[in-house]
Amino acid sequence: MQVQRLSLPSCTLSPPNVSQSKQLYTKLSRLNPRSKSVFRNSVNRVFKSLTGVRNHGGLVGVRCGVAQEEDRNDGFYMRRCVELARKAIGCTSPNPMVGCVIVKDGKVVGEGFHPKAGQPHAEVFALRDAGDLAENATAYVSLEPCNHYGRTPPCTEALIEAKVKRVVVGMVDPNPIVASKGLDRLRDAGIDVTTGVEEELCKRLNEAYIHHMLTGNPFVSVRYSISVNGHFLDQLGEGVAELGGYYSQLLQEYDAIILSSASVSENASLPASQETGANQPLRIIIASSSSSPIQIPGLTMEPSGKVIIFADKVTTVELESAQKGIEIVVLDQINLNAITEYCRSQGFCSILLDLRGNVGDFEEVLQDGIEHNLLQKLVIEVLPLWDQSGGGNFPIALKSLSKRLEVKNLQPKISNQNVVLEGFL
């Protein structure tokens with residue numbers, strides 16, 4: 001049952017005919033004497049609920065079982081859209097992930113998702129899958145259909161041409177080129193449009209895309225590990241970097257990852273997602289004069305992915321002669337603003353700052369990020385370890401914060417034997 005708000009300025013809502021209800025009660029009581037108390041209570045509840053409804057400025061609340069069923073179905077199919085969209089995780093940037101489901105007479109007749117930037121959008125694949133069955137059907141799509149010509153034609157025109165009857169949208173596209181124009185086009189064509197279904201879920205799906213569209217800056221997450229007694233740990237939990245582990249999945253979600261030169265040198269390898277078909281992030285290695293000379297062996301054997309080193313003027317970089325594809329950028333001062341500017345110039349929407357290795361490499365980066373509000377998310381891995389030694393040196397920039405940072409929507413999940421906390425700044 002769901003409340004629908006109807007405009008009824010000249011109407012009144014009267015209770016049911018009491019005498020008729022009593023007659024029905026008497027008949028039912030004769031058929032089943034034990035039903036008296038149940039039916040009496042039910043009738044009383046109906047009377048109270050109906051006579052208790054008030055008129056508020058011409059708006060009356062009415063409960064409708066059909067509306068509830070429709071809304072429940074809308075949520076179900078929208079969650080399926082998000083599930084489809086996530087099949088392209090790490091492949092669509094700078095585009096958003098989008099899923100689409102076509103439903104007719106209570107049955108799914110078509111599904112699709114946007115697989116990669118430059119390829120057709122989710123609606124096109126779903127409509128192809130549905131064929132002629134799309135006519136008079138309902139199209140569910142996690143993000144507002146586009147109404148402009150880019151690398152692909154407008155999805156609104158594809159939906160109109162397919163003669164769908166209704167379009168249910170998870171969220172409005174924050175891209176100013178789109179923003180509500182797609183919805184307006186569909187409505188102008190006589191299509192019934194519903195928006196805001198499972199909106200928070202759809203926003204979470206494309207948090208980096210949304211932030212990038214609204215601010216022009218990449219979405220930056222900070223990841224680190226701690227023991228169960230709260231000490232900073234310079235390590236990953238067992239199994240989290242393997243196929244299906246949270247860290248492996250995390251790597252494929254980001255366009256770039258910032259690493260300490262010490263972490264790379266000590267592990268003699270670069271972090272890589274083990275997920276099937278995963279796109280590897282750009283590896284950004286930061287090195288300051290406090291670091292030892294950078295030694296990065298065997299990069300030619302690593303999975304595909306570009307490497308760039310941000311270093312200050314007095315840092316020495318030692319590379320094997322075969323490693324000619326590595327870009328080195330020398331800065332007067334290494335800070336997060338310089339790194340995000342570079343990533344923005346490359347069209348990147350998301351960056352993962354991985355606090356491992358020499359935490360001293362991250363001090364200026366973290367300080368800059370906090371002062372200029374460049375950090376959006378925290379990913380904290382809690383390992384099942386009690387560290388009596390006091391752990392590693394927690395980054396001073398975080399330990400000596402002069403202001404309290406509120407973490408919103410803190411949520412836990414399990415990865416192997418570890419607990420992962422995610423929250424937004």
Side-chain angles (χ1 to χ4, degrees), residues 81-100 112-122 124-125 142-143 150-152 175 202 204-213 217-223 236 239-259 263-264 267 269-286 296 298-310 323 325-327 339-340 342-354 356 376-377 379 415 420 422:
C81 288
V82 172
E83 184 181 355
L84 289 168
R86 288 189 64 84
K87 290 185 177 183
I89 192 167
C91 299
T92 64
S93 183
N95 286 1
M97 291 177 283
V98 184
C100 181
F113 63 92
H114 178 47
K116 187 177 181 181
Q119 293 191 16
H121 292 181
V124 174
F125 284 110
S142 56
L143 185 70
R151 284 186 280 185
T152 59
N175 186 343
C202 294
R204 186 70 179 268
L205 173 70
N206 286 304
E207 58 193 16
Y209 168 79
I210 294 170
H211 177 80
H212 182 64
M213 278 296 162
N217 296 319
F219 182 89
V220 182
S221 295
V222 179
R223 192 221 69 86
L236 294 171
V240 299
E242 299 173 3
L243 177 66
Y246 96 90
Y247 188 74
S248 173
Q249 295 176 344
L250 197 64
L251 290 178
Q252 70 170 347
E253 296 180 16
Y254 287 82
D255 295 328
I257 178 173
I258 301 176
L259 304 162
S263 174
V264 175
N267 296 316
S269 64
L270 294 172
S273 174
Q274 304 303 313
E275 306 308 301
T276 303
N279 280 352
Q280 302 300 335
L282 165 74
R283 283 70 162 229
I284 298 175
I285 301 173
I286 56 176
I296 312 177
L299 282 182
T300 55
M301 302 300 293
E302 294 289 338
S304 60
K306 185 179 177 182
V307 175
I308 180 171
I309 297 174
F310 281 83
Q323 300 168 6
I326 298 177
E327 181 180 354
I339 295 175
T340 55
Y342 175 88
C343 289
R344 179 163 48 185
S345 70
Q346 300 298 307
F348 294 161
C349 295
S350 57
I351 303 172
L352 177 65
L353 178 56
D354 191 4
R356 286 192 294 156
Q376 281 73 54
K377 186 176 180 180
V379 180
S415 182
V420 181
E422 293 186 353

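- Between atom OG of residue Ser93 and atom OH of residue Tyr209 there is a gap of 11.0 Å, rounded to the nearest 0.5 Å.
- Atom SG of Cys343 is separated from atom CG of Leu282 by 6.0 Å, given to the nearest 0.5 angstrom.
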side-chain contact (heavy atoms from CB on, under 4.5 Å) between Val82 and Arg204, worked out: CA-CA 10 Å; Val82 172; Arg204 186 70 179 268; over 6 Å; no
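- A side-chain donor-acceptor contact under 3.5 Å links Gln376 to the backbone of Val220.
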Worked check of side-chain contact (heavy atoms from CB on, under 4.5 Å) between Val420 and Val240: CA-CA 10 Å; Val420 181; Val240 299; 6.0 Å; no
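- For the residue pair Pro115 and Ala88, the shortest heavy atom distance occurs at O-CB, 3.8 Å.
- For Ser273 (side chain) and Ser248 (main-chain N/O), a donor-acceptor pair under 3.5 Å exists by modelled atom type.
- One finds the CD1 atom of Ile284 at 5.0 Å from the CD1 atom of Ile258 (value rounded to the nearest 0.5 Å).
- Considering only heavy atoms from C-beta on, Arg356 comes within 4.5 Å of Pro271 through its side chain.
- His114 places no side-chain N or O within donor-acceptor distance of the main-chain N or O of Gly99, the cut-off being under 3.5 Å.
- Here Phe219 contributes atom CZ and Asp255 contributes atom CG; the two are 12.0 Å apart, rounded to the nearest 0.5 Å.
- Shown here for Leu236 and Ala241, the closest heavy-atom pair between the two residues is CD1-CB, 4.3 Å.
- Under a 3.5 Å cut-off, the side chain of Arg86 and the backbone N or O of Leu205 do not form any donor-acceptor pair.
- Minimum interatomic distance between Gly347 and Pro94 (heavy atoms only, all atoms of both residues): O-CB, 3.8 Å.
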Step-by-step side-chain contact (heavy atoms from CB on, under 4.5 Å) determination, Leu143 to Val98: CA-CA 6 Å; Leu143 185 70; Val98 184; 4.0 Å; yes
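- Interatomic distance, Leu250 CG to Ile257 CD1, rounded to the nearest 0.5 Å: 7.5 Å.
- A side-chain donor-acceptor contact under 3.5 Å links Tyr246 and Arg223.
- Asp354 places no side-chain N or O within donor-acceptor distance of the main-chain N or O of Leu259, the cut-off being under 3.5 Å.
- When all heavy atoms of Gly112 and Leu84 are compared, the closest pair comes out as O-CD1, 4.0 Å.
- Note that OH of Tyr254 and OG of Ser350 are 6.5 Å apart. Values are rounded to the nearest 0.5 Å.
- Glu275 places a side-chain N or O within donor-acceptor distance of the main-chain N or O of Gly244, the cut-off being under 3.5 Å.
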